[in-house]
Number of protein chains: 2
Amino acid sequence: MSARRVTIVEIAQHVGLSKTTVSDALHGGGRVSPATAAKVAAAARELGYVTNRAARQLRGRSVGALGIYIPPIARNFNFYMEFAFGAAHGSAEHDADLVLFARDADVGPRHFQVDGVIAVDPLPGDPMLERLVDAGIPMVTAGRPPEALADAVSAVIEAPHGDLTRLVLDHLWESGYARPAFVGSDRRFYSSWADDVRRTYVEWCGAHSVAPSAFDCPLDATADELSTAVRSAVRPSDVDALVCAPQGFAGRSIGILESLGVHTGTAFGLASLSSDPTTELGNPRITAVDLAPWTFGRESIVLLAAVLGGDQHDHLNRFADVGVRIAGETTTRSWESLQA
Amino acid sequence: MSARRVTIVEIAQHVGLSKTTVSDALHGGGRVSPATAAKVAAAARELGYVTNRAARQLRGRSVGALGIYIPPIARNFNFYMEFAFGAAHGSAEHDADLVLFARDADVGPRHFQVDGVIAVDPLPGDPMLERLVDAGIPMVTAGRPPEALADAVSAVIEAPHGDLTRLVLDHLWESGYARPAFVGSDRRFYSSWADDVRRTYVEWCGAHSVAPSAFDCPLDATADELSTAVRSAVRPSDVDALVCAPQGFAGRSIGILESLGVHTGTAFGLASLSSDPTTELGNPRITAVDLAPWTFGRESIVLLAAVLGGDQHDHLNRFADVGVRIAGETTTRSWESLQA
DNA sequence: TTGAAAGCGGTACCAC
DNA sequence: GTGGTACCGCTTTCAA
């Protein structure tokens, strides 16, 4: 079994200082002299010291754990999985654990034993978000929060979905596709992402004097449901491209379009605004927005850590680093390069 | 911000008892009289008491958190996501948090601040598993562990993959399909699951005097890679069905087969041994094994909790509750009913 | 710049 | 059955 852990007292004995000094040297605000700080750090490393989170939490305020909450509806998508693991990595870099909150986990009174939480794609009226806010847990949202929560949220990180959508539509346009249709998620998933991409599509159509052909279906659409939406979207005879919002829909649409006699990639354009890594980003027929969920998750933790660290900079609302892979190309263009 | 929390001292004052008695009444081993236990429980509820995990951990041994580890290769599948959320729910039921471990999170010395861990589909040679074992964390694996870890694992939970595979093959056989082909995952994902389904397929072929037609591809196969595997598998002209092992492959194969002029669901059988909830379980063309990942995850936590609670029963190795939905049927048959 | 002592909220051990 | 007390490892006063 695990050997007994090294404590600051042992370090103190080892270097001939008091436990107070050791504590300050390791975590404090620069009270101790650089020389002793170095000595203590060396001893800590040598002895294999690791902070006992329980003790720290008991006396102080920090828990040493961060939380992540993902709405149940969205769990079909590996976007969230990748996001969560990026967040876990980021947490580890900040010496914190990442705790997974399940909405269903509402069993009896429990406190959230975390210093802060990432709420991914916060949906209006989600009771779990309210509980977190009521508990006073500092919250960073990935995606803009609903109105009711706006004041309670410490910071927001999001991808530039509107810009990305416009970029994809422009690319299709420049490639000669004159009327792209759109398939998005329905109202059960009313995130800022869903809003942004849908609104941008409609605006873009207006700016290009193109009649929108937009249809929604559930995020967890079955083959039939997606098929219905896709058929409706591409029904107008002059539709020559399809832009799918939710992850995987574009990849799944290839077969549906094929069965309609529509061959993707040549005369008909196809794009995904939130790409599945294997079926969409890896598919040369599809122009694919890479939301880089792992990085996104990690960056959201960096932001949360900054908030908890007391950063009050006005750039607390950030954009994540994303990319786009154009159909037929093998490399992904970063968002920054695309801005230029 | 969060109101100061209620402590056992306040409960003690409230009911006119000592700290010790309150502690025993709430968590102890039945030392106190039923009457006082009830009184204390009532007061605790009334005052909104929640155990302070840090304090408990500091004195005692329990951390109040469980961990889950999912190998990076496998993260493409929402099976694991559902599993993780089932586990989070199960943890909450045991008044524990669920911590997500990332292998990449190997940044500096950190202790695993958990009472035990679920390792999902443990792969041979995974350094993270070794670290967990070295740290002496009690481990339950979902799926049988590799040889090298067998002794270090406290319990195993798995689905009866061999039986399920046989059942699917038998069903296809009885439906008139004489020679099913097989597409599985390659060696980079060498789990007991991958082993079981592949071996069972080959055995079944032997028992039915059918020549196997089995091909592997990466778990994160692109459209092209999967296409290659499927084409190879169905090349023999007498192949009249396809059984796909990894989640989503059967659903993705429909389009591939279509492009080969093979129409699934009528003259050609299709099955998935690990079904995606929307594209496969919801698809009437596919005979789909429902691994019920949420329940699986929850049950794995129940098992881990039993292990940590000191259960030494010999039924520590369990089978999860799974189901199968036969192509064309709308309901899922439970594994238990299928046994009968 | 450093040290001593108190105390966070529980649990374990011992008396009664 | 119940109560008193020490103590887990750390941070936070307050003194030196």
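Note that these values count all heavy atoms, side chains included, but never hydrogens, waters or copies made by symmetry. Residue numbering restarts at 1 for every chain, and letters A, B, ... go by the order of the sequence lines.
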Side chain to side chain contact (heavy atoms under 4.5 Å, CB included) with Pro145(A): which of Leu123(A), Leu129(A), Val140(A), Val153(A)? Val153(A)
Identified side-chain hydrogen bond (donor to acceptor under 3.5 Å, both in side chains) counterpart of Asp121(B) within the set Tyr190(B), Trp193(B), Tyr80(B): Tyr80(B)
Most 5' of Leu17(B) and Leu58(B) on DNA chain D, judged by nearest nucleotide: Leu17(B)
Let me know, please, whether Thr21(B) or Ala54(A) comes out on the 5' side of the other along DNA chain D by nearest nucleotide. Thr21(B)
Under 3.5 Å between N/O atoms: give me all the protein pairs with nucleotides 4-7 of chain C, atom names plus distance.
from	atom 1	to	atom 2	distance (Å)
dA4(C)	N7	Thr20(A)	OG1	3.3
dA4(C)	N6	Thr20(A)	OG1	3.0
dA5(C)	N6	Thr20(A)	OG1	3.4
dG7(C)	N2	Arg59(A)	NE	2.7
dG7(C)	N3	Arg59(A)	NE	3.0

Quick one: which of [options] gets closest to the side chain of [X]?
X	options	answer
Ile8(A)	dG9(C), dT2(C), dC10(D)	dC10(D)
Ser23(A)	dT11(D), dC8(D), dG10(C)	dT11(D)
Val32(A)	dG10(C), dT2(C), dT2(D)	dT2(C)
Arg56(A)	dT11(D), dG3(D), dG3(C)	dT11(D)
Asn52(B)	dG10(C), dC8(D), dT2(C)	dG10(C)

Separation of [N] [atom2] from [X] [atom1] (nearest whole Å):
X	N	atom1	atom2	value
Gln113(B)	dG9(D)	CD	C1'	12 Å
Lys39(A)	dT1(C)	NZ	P	15 Å
Gln57(A)	dC8(D)	CD	P	19 Å
Asp24(B)	dT11(C)	CG	C1'	8 Å
Arg53(A)	dG10(C)	CZ	P	20 Å
Leu26(B)	dT11(C)	CG	P	8 Å

Would you please classify the geometry between the Phe296(B) ring and the Phe83(B) ring as parallel, tilted or perpendicular, with 30° and 60° separating the classes? perpendicular
Could you tell me how the ring of Phe101(B) sits relative to the ring of Phe112(B): parallel (under 30°), tilted (30 to 60°) or perpendicular (over 60°)? perpendicular
Within the structure, does a side-chain N or O atom of Thr36(B) lie under 4.0 Å from either OP1 or OP2 of dT2(D)? yes
For a 4.5 angstrom cut-off between non-hydrogen side-chain atoms, does Asp115(B) reach Leu66(B)? yes
Evaluate the side-chain proximity of His89(A) to Trp294(A): yes if any heavy-atom separation is below 4.5 Å, no if none is. yes
Assess, by modelled atom type and distance only, whether the side chains of Glu10(B) and His14(B) contain a donor and an acceptor separated by less than 3.5 Å. no
